[in-house]
Amino acid sequence: MKELWYKREAACFEEALPVGNGNLGAMVYGGVKREKISLNEDTLWSGFPGAKGPLGTHEGVAEGERLLHAGNVKQAEKVVWEKCLSEWSAAYQPAGTLWISFPDAGEAEDYRRSLDLEHAAAQTVYRSGGFTFRREAFASFPDKVIALRFTTDGPQAKAVVTLESPHPSRPVAEDGVLALRSIAPVYSAPSYFACDDPIRYDPFDENRALSYAAAVLPVVMNGTCRVEEDRIEIESSDFVLLVSLATNFEGFDRPPRESRIQPLAVCLERLRAAAALGYDALRERHEADYRPLFDRVSLELGGEDRSSLPTDERLRENEKDHADNGLAVLLFDYGRYLMIASSRPGTQPSNLQGIWNEELRAPWSSNYTININTEMNYWPAEPCALPECHEPLFDFIEGLAQNGEKTASRLYHCRGWCSHHNSDLWRLSEPVGGPNPSPESVGWAYWSSSAGWLARDLWQHYEYTGDLEFLRAHWGTLRGAGLFLLDRLQDSDGGLITPMSTSPENRYRLNGELCCLSENCAVDVAITMDVLSACVQAARVLGTDRALAGQMETALETLKGYTVGSKEQLLEWSREFEEPEPHHRHLSPLYGVYPGRSVTEQTPEWFAGAETLMRLRGNDATGWGIAWKINVWARLKNGEEAKECLDNAMRFVPAETGCSYGGSGGLYPNLFDAHPPFQIDGNFGITAGIAELLVQSGPDGPVLLPALPQAWRSGKVHGLRVKGGKSVSFSWKDGRVERTDA
């Protein structure tokens with residue numbers, strides 16, 4: 001069975017088990033005497049459209065570029081810090097907690113808590129007083145509710161259900177339903193920013209931010225139930241709780257005050273429709289929706305079967321010998337499960353924590369960090385046959401492009417659209433920095449190539465599906481990302497270079513000072529190559545914009561490419577600077593290897609330079625950083641180095657480290673990826689990396705086993721996708737393909 005399982009209830013978030021339907025998320029703790037279900041809704045964010053007006057100026061950008069070009073790096077950084085940055089992004093918010101207390105519960109025996117990946121359900125089973133108690137939880141995409149069932153083969157048990165919100169809230173008197181109305185904050189500062197009032201609310205009835213409702217409908221099969229304003233009291237041996245959440249979000253550009261949506265009415269409608277179906281039908285509809293997605297791909301890697309060990313024990317055991325191939329398969333499947341659970345058509349895209357967050361001030365605001373992390377969330381979508389789950393990102397990109405067009409025009413005087421390193425529900429496109437940005441902010445905030453990185457997903461989806469109508473529908477947005485990059489290019493000694501920028505979050509040392517700004521950063525060069533090439537190909541396929549495609553081709557021919565350093569490594573910046581962090585977590589200069597395609601065996605000097613740089617960087621990092629390395633080593637055709645990275649990614653990280661920042665990456669007991677703290681991109685990056693080791697899209701078609709680790713000598717895979725709309729299934733033995741299936 002494909003499952004995570006444990007012998008004890010969860011003590012914290014990093015041990016609880018996630019269920020979700022893209023819109024609703026829940027973390028299930030499996031408490032015997034008091035069950036905790038933490039709740040999320042994907043549109044519940046702080047702020048509102050226009051809450052943070054842009055502060056940066058074109059004059060600041062132009063002045064910074066002049067100073068940098070003249071060699072005055074620190075002065076340029078001072079100008080960018082003072083004149084080019086704006087406010088923080090909005091922050092993703094927790095919706096509340098559902099508590100189910102069992103006042104007469106005894107001590108548990110034979111306790112087992114699990115997450116069934118094949119059926120997308122969390123289960124808790126134990127014995128007490130000679131009787132068996134069972135619980136099940138799942139989140140239904142077809143019926144937009146979370147369903148929880150509690151049964152026992154013993155006498156009727158007492159349960160008290162309460163619902164709480166971390167935000168200002170009011171209980172609602174609604175017949176047969178426990179409900180509350182709440183409001184989101186108008187402002188939420190990042191957890192790393194110290195200030196006196198980090199969370200701010202409007203008055204409840206004058207709220208400019210989002211309003212939302214949470215509601216619980218009990219369905220008692222036998223026994224009694226009494227619903228009061230602040231609780232549900234049940235005495236039963238078989239009952240169901242149906243949970244619904246809704247906000248008044250009506251669009252990234254529509255102020256919540258103008259919304260016509262009544263969140264409580266939405267909740268009640270969904271709950272009553274679900275109750276009318278009945279639990280068994282709800283579960284059948286849930287599986288009928290989920291299984292066709294999850295079952296498209298399967299993987300076997302052979303080796304010893306350690307599934308009889310609890311998952312946290314498997315993690316610890318694997319650290320001793322790195323021989324648990326089944327654990328790698330479980331992680332691969334878990335990433336696919338998390339994608340289906342956190343990103344479905346019509347929902348918001350997965351954020352830094354997917355859709356699961358309990359903190360008012362979550363790590364990095366649980367926002368969209370678009371200098372790698374949001375993009376990594378979607379690396380498995382196409383190769384792992386989940387293109388539907390990619391759709392929320394496409395919708396996000398289209399909205400971001402609308403705001404990004406204004407930013408490109410105002411801040412850079414360029415056509416097209418751009419975005420920077422952070423975004424949010426409201427499609428923020430400005431470079432953030434907070435109300436009082438520090439000089440250090442420049443290194444992570446001032447980077448304007450994220451639109452190009454995001455736009456490549458549009459082209460990639462076309463490459464995998466061949467969907468011409470999709471490409472035609474999104475051509476304007478892909479074209480706009482290319483236009484911005486084209487307009488930003490500058491002539492330097494007869495060649496084109498990318499202008500003042502950073503290599504995301506990394507720094508170099510110059511004249512004893514730490515600096516970040518540079519011209520022709522490798523990542524900007526790589527993204528420019530990537531996007532302009534995609535635009536040229538798309539224009540040809542669509543038979544449009546021939547003149548623009550010609551300009552882009554000319555730019556590609558005169559673009560100064562990567563630079564190779566004294567150690568024959570690809571350089572990160574325009575020159576070979578001293579690196580204070582030679583093992584930096586970001587692999588920005590290696591974008592051209594993965595996810596891009598400008599560094600391949602057909603560019604041997606760059607390919608060798610990429611391998612050298614990878615060896616200089618080492619195989620350790622934060623969680624998502626290690627995941628990126630798996631994919632890069634796969635593209636470099638080195639399965640052994642990739643396997644070492646995967647082993648590092650599968651280290652056990654104690655749950656009690658929680659939200660603490662720093663340290664090497666690994667996995668928490670619930671297999672959430674530890675940056676640390678938790679970031680879901682590492683989970684998705686690992687899944688993509690495992691797929692990349694087994695199948696790649698080559699210039700002449702699928703390449704099977706391009707970077708197979710020695711430890712995976714025999715195995716079987718079904719359903720992976722490659723470019724051209726092809727599905728690939730095959731088995732291998734002793735490192736050689738044995739059989740392929742059409």
Side-chain angles (χ1 to χ4, degrees), residues 12-18 20 25 27 38 40 42 45 89 91-94 190-192 315 331 334-339 341-343 348-381 393 396 421-424 432 444 450 453 504-505 584-588 595 620-631 645-646 648-655 657-689:
C12 59
F13 178 86
E14 292 78 12
E15 293 180 344
L17 296 173
M27 295 294 288
S38 64
N40 288 103
D42 71 329
W45 290 64
S89 75
Y92 184 55
Q93 296 294 307
S191 59
Y192 51 79
L315 276 174
L331 268 176
Y334 192 43
R336 297 187 302 116
Y337 166 84
L338 291 172
M339 173 161 282
S342 66
S343 185
Q348 298 301 307
S350 299
N351 60 51
L352 273 177
Q353 296 187 195
I355 52 174
W356 299 281
N357 164 49
E358 293 182 351
E359 304 294 325
L360 275 174
R361 301 178 72 192
W364 299 286
S365 300
S366 194
N367 63 17
Y368 298 113
T369 304
I370 51 179
N371 64 10
I372 168 62
N373 311 99
T374 300
E375 293 89 343
M376 184 182 283
N377 283 359
Y378 288 89
W379 285 356
L393 183 66
F396 171 85
H421 117 285
N422 270 166
S423 191
D424 55 26
V432 304
W444 45 263
S450 60
W453 193 333
E505 302 187 34
H584 196 269
R585 61 193 177 277
H586 279 259
L587 299 184
S588 303
D620 207 351
T622 57
W624 59 263
I626 301 172
W628 196 350
K629 291 181 178 186
I630 298 168
N631 287 273
C645 292
L646 179 59
N648 288 337
M650 292 164 64
R651 285 180 300 224
F652 180 83
V653 178
T657 60
C659 283
S660 60
Y661 294 79
S664 297
L667 299 171
Y668 290 114
N670 63 3
L671 299 189
F672 272 172
D673 189 80
H675 177 292
F678 164 52
Q679 284 188 198
I680 204 168
D681 38 38
N683 289 102
F684 295 131
I686 289 170
T687 295

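Here the structure is a predicted model, which is why all the values come from computation and not from measurement.
When each of N357, N40, N351 is paired with S366, the side chain to side chain donor-acceptor pair (under 3.5 Å) condition holds for N351 and for no other. Between D620 and the choices R651, K629, R585, the salt bridge (charged side-chain N to carboxylate O under 4.0 Å, His left out) rule is met once, by R651.
Minimum heavy-atom separation, H584 to P504: CE1-O, 4.1 Å. Counting all heavy atoms, side chain and backbone alike, A674 lies closest to V653 at CB-CG2, 3.9 Å. S343 and P349 get closest at one heavy-atom pair: OG-CA, 4.4 Å. Closest non-hydrogen pair, M27 versus A16, comes out as CE-O, 3.4 Å. Contact detail for A688 and W379: the closest heavy-atom pair is CB-CB, 3.6 Å. For the residue pair P363 and Q353, the shortest heavy atom distance occurs at CD-OE1, 3.3 Å.
When side chains are defined from C-beta on, E359 does not count as touching S191, because their heavy atoms never get closer than 4.5 Å. Side chains of M339 and T687 form no contact here, defined as non-hydrogen atoms less than 4.5 Å apart. Looking only at side-chain heavy atoms (C-beta outward), W453 and I370 stay at 4.5 Å or farther from each other.
Side-chain N or O atoms of N377 include none that pairs as donor or acceptor with a backbone N or O of G354 at under 3.5 Å. Checking side-chain atoms of N422 against main-chain N and O of S89 turns up no donor-acceptor pair under 3.5 Å. No donor-acceptor pair closer than 3.5 Å links the side chain of N367 to the backbone N or O of D424. Within the 3.5 Å criterion, the main-chain N or O of Q348 finds a donor-acceptor partner in the side chain of D42. Looking only at distances, a side-chain donor or acceptor of N631 sits under 3.5 Å from a matching main-chain atom of G689. Listed for the N683 side chain is no donor-acceptor partner under 3.5 Å among the backbone atoms of F672.
Not less than 6.0 angstrom separates the ring centroid of F678 from the ring centroid of Y668.
Checking N371 against T369 by side-chain atom types alone, no donor-acceptor pair falls below 3.5 Å.
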Test side-chain contact (heavy atoms from CB on, under 4.5 Å) applied to T374 and L393, step by step: CA-CA 9 Å; T374 300; L393 183 66; 3.9 Å; yes
Working for side-chain contact (heavy atoms from CB on, under 4.5 Å), residues I626 and I686: CA-CA 8 Å; I626 301 172; I686 289 170; over 6 Å; no
Stepwise side-chain contact (heavy atoms from CB on, under 4.5 Å) check, I355 with Y92: CA-CA 9 Å; I355 52 174; Y92 184 55; 3.8 Å; yes
Test log, rule side-chain contact (heavy atoms from CB on, under 4.5 Å), inputs Y378 and S350: CA-CA 9 Å; Y378 288 89; S350 299; 3.8 Å; yes
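S588 contributes atom OG, which lies 8.0 Å from atom CD of E505 (distance to the nearest 0.5 angstrom). Here the straight-line distance linking atom CG of L667 with atom CG of L315 works out to 5.5 Å at 0.5 Å rounding. Annotation: the span from R361 atom CZ to Q93 atom CD amounts to 10.5 Å, rounded to 0.5 Å. Here N373 contributes atom CG and L352 contributes atom CG; the two are 5.5 Å apart, rounded to the nearest 0.5 Å.
Ring-plane geometry between W624 and W628 is classed as tilted, the angle between the planes lying from 30 to 60 degrees on a 0 to 90 degree scale. Classified by interplanar angle (parallel below 30°, tilted 30° to 60°, perpendicular above 60°), the ring pair H675/W364 is tilted.
Partners of H421 according to the ring pair (Phe, Tyr, Trp, His ring centres under 6.0 Å) rule, which considers only residues two or more places apart in sequence or in another chain, are W444.
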